[in-house]
Amino acid sequence: MTDNNATLITIITEAALETTLIKDIEELGAPGYSISNARGKGNRGLRDAAWEANSNIRIEVICSDIVASKISEHLEQKYYQNYAMVCFSAEVNVLRPKKFN
Amino acid sequence: MTDNNATLITIITEAALETTLIKDIEELGAPGYSISNARGKGNRGLRDAAWEANSNIRIEVICSDIVASKISEHLEQKYYQNYAMVCFSAEVNVLRPKKFN
Amino acid sequence: MTDNNATLITIITEAALETTLIKDIEELGAPGYSISNARGKGNRGLRDAAWEANSNIRIEVICSDIVASKISEHLEQKYYQNYAMVCFSAEVNVLRPKKFN
Amino acid sequence: MSTIDPVIWFFLFGLLAGVLKSELRLPSQIYDFVSMLLLITIGLKGGVELANQPFATLIPQILVVMAAGFLLPLLVFPVLLYLGKLNRADAASIAAHYGSVSVGTFAVAVAFMSSQNIEYEQHMALFVVILEVPAILVGIVLAKGLSKNTQWANVGHEVMLGKGVMFLMGGLFIGWLSGPSGVESISPLFFDLFKGVLALFLLEMGLITASQLSSLKRYGFFLLSFGIITPICFSVIGALVGLGLSLSVGGVAILATLFASASYIAVPAAMRISVPEANPTLSLTASLGITFPFNILIGIPIYYWLASTLHASLI
Amino acid sequence: MSTIDPVIWFFLFGLLAGVLKSELRLPSQIYDFVSMLLLITIGLKGGVELANQPFATLIPQILVVMAAGFLLPLLVFPVLLYLGKLNRADAASIAAHYGSVSVGTFAVAVAFMSSQNIEYEQHMALFVVILEVPAILVGIVLAKGLSKNTQWANVGHEVMLGKGVMFLMGGLFIGWLSGPSGVESISPLFFDLFKGVLALFLLEMGLITASQLSSLKRYGFFLLSFGIITPICFSVIGALVGLGLSLSVGGVAILATLFASASYIAVPAAMRISVPEANPTLSLTASLGITFPFNILIGIPIYYWLASTLHASLI
Amino acid sequence: MSTIDPVIWFFLFGLLAGVLKSELRLPSQIYDFVSMLLLITIGLKGGVELANQPFATLIPQILVVMAAGFLLPLLVFPVLLYLGKLNRADAASIAAHYGSVSVGTFAVAVAFMSSQNIEYEQHMALFVVILEVPAILVGIVLAKGLSKNTQWANVGHEVMLGKGVMFLMGGLFIGWLSGPSGVESISPLFFDLFKGVLALFLLEMGLITASQLSSLKRYGFFLLSFGIITPICFSVIGALVGLGLSLSVGGVAILATLFASASYIAVPAAMRISVPEANPTLSLTASLGITFPFNILIGIPIYYWLASTLHASLI
Ligand SMILES: Nc1ncnc2c1ncn2[C@@H]1O[C@H](COP(=O)(O)O)[C@@H](O)[C@H]1O
Ligand SMILES: Nc1ncnc2c1ncn2[C@@H]1O[C@H](COP(=O)(O)O)[C@@H](O)[C@H]1O
Ligand SMILES: Nc1ncnc2c1ncn2[C@@H]1O[C@H](COP(=O)(O)O)[C@@H](O)[C@H]1O
Ligand code: NA
Ligand code: NA
Ligand code: NA
């Protein structure tokens with residue numbers, strides 16, 4: 001495995017934000033993203049995906065650490081206060097790192 | 001990105017355990033959790049989600065390393081022997097670390 | 001938590017590859033795998049899971065770093081050129097490390 | 001045996017299952033499917049009716065109903081702000097919910113009318129669409145003022161192209177273009193199954209309503225009273241408007257029900273994006289936890305009684 | 001052409017597709033939906049019938065059937081333990097599966113009766129609910145003894161509020177409260193589509209059964225014999241009980257089928273939580289891989305023949 | 001009002017919603033469900049018909065149609081390679097798409113015939129299956145040559161046991177084995193709902209087609225012309241074959257439609273695995289973005305006109 005690092009940033013938030021958030025993420029320079037459906041619980045209570053208003057999504061973005069910082073700052077400013085959202089990141093080894101930088 | 005660490009513990013196990021497991025996890029001090037549906041294969045054979053008895057879930061918990069240890073010890077003792085289950089953890093950077101400690 | 005490491009390799013790719021890929025992964029020595037459904041965007045455009053031809057899957061394999069290298073090399077050679085695919089890996093702590101080595 | 005429509009029993013069954021914390025659930029895509037069928041069917045019914053009469057004759061009615069859609073939220077906003085002591089965003093959001101309409105409530109009213117063999121103007125479906133949107137716009141203005149920052153293009157897109165409005169409009173147009181004989185071939189799915197589909201929808205609504213009940217305690221007396229008094233007042237306005245438009249008794253009752261109903265799908269989604277500082281639990285508790293069950297269990301018969309009484313005395 | 005019901009062909013088609021490792025699947029939420037429709041429909045049918053007769057007259061039958069539900073698992077437990085040489089947990093779990101019932105098998109029996117124009121007591125649906133639960137409780141006690149550690153409140157909650165029991169009970173009550181004329185409006189979805197829905201259900205059951213066949217080899221001869229002999233013996237007991245309760249021939253045949261059937265939804269779920277050390281593959285292989293196909297392909301006609309013979313000779 | 005079938009309006013509605021970037025969607029499992037129902041229903045209809053006539057009489061027709069399935073892709077491959085200047089893999093893949101058939105297009109043709117009360121041979125469903133597979137094999141050979149590396153066993157498995165072929169074949173066999181009276185009990189789900197289900201299917205097809213339109217610009221004029229001219233030419237071949245086989249006017253029209261249609265489910269899936277270097281966007285843009293809407297909006301009436309004209313002049 002080529003030892004080439006990139007940052008994986010994961011966002012778990014309300015499904016209603018999908019369209020808006022993807023637009024933001026792409027504008028901040030993310031080279032791509034992946035989404036799956038989720039449910040969960042946190043500060044803002046239970047979100048059990050019983051219906052759309054109550055569903056979460058889990059977004060993953062592999063990108064450079066600079067873009068990752070931009071994304072997490074942007075989320076903190078624009079969404080953290082009013083939306084159910086958590087965000088975490090870690091270093092990962094990627095195949096073909098150029099794809100993500 | 002604020003350099004604040006937390007532990008992300010991921011559990012992949014039988015869907016039938018969802019309710020029980022969440023109760024346990026919350027009692028052990030987890031500040032929240034996220035769940036998505038999964039299928040897979042492991043020691044206990046193929047679980048292809050063809051029907052509920054055969055479906056997996058993937059639970060993620062962001063928490064302090066102490067809570068993470070508690071959770072993984074508890075799982076090992078109470079569930080590992082009789083249930084299809086894997087559990088792994090890693091350090092992650094989180095936004096607003098206070099949320100998880 | 002026992003401090004025992006293994007490698008977690010994650011592959012996001014076209015749903016059409018599921019059967020083939022699983023066969024390959026198992027032949028390369030993976031002790032198990034987990035799969036969930038996903039959608040996303042990357043070099044090869046939007047894959048919004050509107051229908052099967054357009055759906056992604058997210059495969060996770062916990063294994064030794066040697067098997068992980070084999071898997072990622074194999075993917076690079078056999079699939080990377082013609083399929084929508086990303087692949088990344090990271091070290092994780094696992095419960096019962098013997099299960100994965 | 002009882003005279004309660006079985007679809008209502010499905011709602012109560014869901015409610016009970018939810019309260020008992022049963023693991024019963026309608027799979028989420030089935031819920032979406034069932035909602036979609038209801039919306040298309042309601043649209044189709046309205047559209048077929050439109051095919052039978054010149055559209056121009058409806059324009060006055062449409063304008064009056066649309067005006068009401070703009071006015072209703074303004075009536076409750078001050079109540080929420082001053083009497084309820086809510087903050088501006090929450091007051092505006094709740095006002096938008098109550099100014100708009102609930103398609104589920106409309107479907108139950110339609111089922112009520114047909115099981116009691118009461119005639120009504122089929123083009124009421126058109127009013128559902130017309131009443132859905134204006135309150136959202138008013139709500140946003142109430143929350144933010146006429147600020148230039150509001151991305152009205154986005155809001156309009158979100159609102160007009162949201163699932164609810166689209167399926168209703170799609171059904172309306174298809175029904176209108178196909179006419180009564182055209183839709184015959186698709187009627188086994190859309191018309192014959194209507195009540196069964198409504199039953200499944202209400203089962204899940206019962207479950208969702210049950211999950212709102214816990215928040216009810218938290219918000220207490222004001223929200224409870226608001227969620228019951230508002231629909232009653234709005235139903236009177238609706239009934240009077242209906243009389244003014246010379247609707248039949250059934251038509252008046254349905255218009256009263258529409259006015260009395262509060263949105264729990266389109267408006268919450270729009271508010272979440274456009275007025276994110278409003279607390280969605282608050283407005284959903286009111287519209288879904290209080291007003292929806294009130295309307296389908298108690299309200300609709302009352303509104304029908306109201307419609308007949310007013311009709312008899314005023315005309 | 002053939003006299004085999006098309007729903008059985010759907011099962012065989014699924015079985016074949018599974019054995020051929022075709023990628024054919026019923027989407028999981030559709031399977032849930034289809035199961036749910038079957039459960040509600042069966043409940044509704046039973047409930048409508050209950051509306052026609054005083055409930056009190058059924059109490060003796062209910063008590064007898066319930067007692068049988070407690071006794072049946074006790075009959076097979078020693079066989080599994082001593083003859084099958086299974087460990088205590090596995091023996092207890094399998095005993096619970098066979099003491100309880102399979103709603104899918106019941107639905108096929110109902111379809112068989114109606115396609116052969118055989119009358120039966122519609123309130124048999126009630127017995128499905130009554131037989132579903134006791135065996136689970138007995139199974140847990142067999143596995144763990146009457147230990148104080150067992151969280152009976154949890155077990156009761158899990159069992160009584162599980163999807164199967166809830167949908168059946170919900171249907172029963174709604175049918176009962178609405179009566180025959182009340183359910184008419186929802187009958188196109190629940191009654192007219194019943195057999196088509198059953199066909200889809202059996203298609204998926206065929207696929208699932210096929211996936212159990214591989215484990216069959218592993219567990220071999222004892223399980224295979226057990227999975228065929230048990231339903232035959234239990235059907236005789238069921239038929240005799242039915243005769244004792246003065247049921248019609250059709251009723252006797254259905255009660256025999258119920259006794260012969262083994263659970264593969266409610267019981268596995270309950271055992272997984274309450275007796276986790278039992279191997280779920282073992283019990284599912286038996287109930288789903290052997291007994292279910294045996295019952296729907298061969299058993300039901302035999303049980304009907306048994307019922308008519310006994311009925312003719314004993315009454 | 002209009003003479004356009006409402007199912008076509010559903011397609012146009014989906015197309016419009018997609019173009020407007022509405023968030024309207026059929027949930028993915030519902031789309032799978034709806035496709036599955038269509039396939040089974042089409043199979044069942046064909047199978048019931050087969051039950052009415054000796055299979056042997058059809059063997060000549062089957063052989064002719066199968067031969068056509070092998071030949072059609074060979075006709076367009078050189079056009080794509082030399083005129084279209086596509087690389088070998090892409091040319092082969094597109095040739096396979098157009099040599100094979102689209103079940104959705106077939107379903108619309110069937111709906112067209114029945115709404116115009118035009119008779120046709122019900123066993124046409126058999127030809128859907130027969131035409132689906134050969135073009136895939138030819139496409140792979142065109143792309144790779146008769147290389148030994150091709151895992152024909154895998155390809156065969158994938159193709160024959162894919163969902164489309166399996167559901168059609170399953171329906172055919174079940175219909176054939178059950179006969180007209182046997183399928184009666186399942187007809188409310190499979191036959192009565194057919195057109196409604198087709199409407200939902202076409203709604204989603206409209207949405208998917210809309211998502212292909214953006215790629216259309218990229219590939220431009222050649223693909224557009226190819227996607228319209230090929231179906232027209234193939235329909236003439238199909239019509240002549242149909243006449244040669246002495247089919248009725250309706251049968252000729254449907255065979256012409258089948259020849260004219262291009263696969264967008266089975267073939268793309270097979271090509272993705274067997275000819276991965278072919279660009280799937282290219283072939284899907286053609287078959288789904290151009291040929292599918294052309295056929296259902298304009299083609300089918302033309303092919304019917306063609307069939308009647310040829311029938312009248314040649315026979
Ligand atoms: N500690 C946690 N671990 C994992 N997921 C979490 C955690 N806290 C919150 N989440 C997820 O993030 C969503 C929003 O969180 P919150 O804003 O805290 O309500 C929840 O619905 C969960 O899905
Ligand atoms: N090596 C592995 N990598 C990823 N997921 C695994 C692995 N082993 C098991 N799993 C997942 O964990 C579930 C239970 O594992 P097991 O208890 O080993 O059967 C499986 O069904 C898989 O979804
Ligand atoms: N930078 C990224 N971050 C997360 N997921 C990605 C990224 N790039 C691609 N993907 C996922 O991998 C799939 C295939 O990627 P690609 O081959 O780049 O089209 C996409 O459909 C996404 O689901
Ligand atoms: Na209102
Ligand atoms: Na039994
Ligand atoms: Na073709």
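Quick note on labels: first sequence line is chain A, next is B, and so on, each numbered from 1.
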Item to check | B/Ile71, part contacting chain C, at a heavy-atom distance under 4.5 Å | outcome: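 Nothing of B/Ile71, per the 4.5 Å heavy-atom cut-off to chain C.
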Item to check | Contact class of C/Ile57 relative to chain B, heavy atoms under 4.5 angstrom | outcome: side chain
Item to check | Rounded distance [0.5 Å steps], CD1 in B/Ile12 versus CD1 in C/Ile62 | outcome: 5.5 Å
Checklist entry - Pick from B/Ala49, B/Gly42, B/Cys87: which one has the most heavy-atom pairs with chain C under 4.5 Å? => result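 Top count of heavy-atom pairs under 4.5 Å with chain C: B/Cys87.
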Checklist entry - Is the number of heavy atoms from other residues, nucleotides or ligands within 6.0 Å of CD (C/Glu52) greater than 12? => result no
Checklist outcome for this item: The reported gap from CZ in B/Arg58 to OG in C/Ser34 (rounded to nearest 0.5 angstrom) is 8.0 Å
Checklist outcome for this item: Ranked by heavy-atom pairs below 4.5 Å to chain B, first place among C/Ile35, C/Leu8, C/Ile22 goes to C/Ile35
Item to check | Member of C/Leu95, C/Asn93, C/Val92 meeting the side-chain contact (heavy atoms from CB on, under 4.5 Å) criterion with B/Phe88 | outcome: C/Val92
Next on the checklist: Need one label for C/Ile59: side chain, backbone, both or neither, based on atoms under 4.5 Å from any heavy atom in chain B.
Outcome noted: neither
Next on the checklist: Applying side-chain contact (heavy atoms from CB on, under 4.5 Å) to B/Met85 and C/Arg96, what does each step give before you reach the verdict?
Outcome noted: CA-CA 11 Å; B/Met85 178 179 281; C/Arg96 308 216 171 157; over 6 Å; no
Checklist entry - Does any heavy atom of chain B fall under 4.5 Å from the side chain of C/Glu60, the backbone, both, or neither of them? => result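 Looking at C/Glu60, just its side chain touches chain B.
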Checklist entry - Does a donor on one side chain sit under 3.5 Å from an acceptor on the other, for C/Asn37 and B/Arg39? => result yes
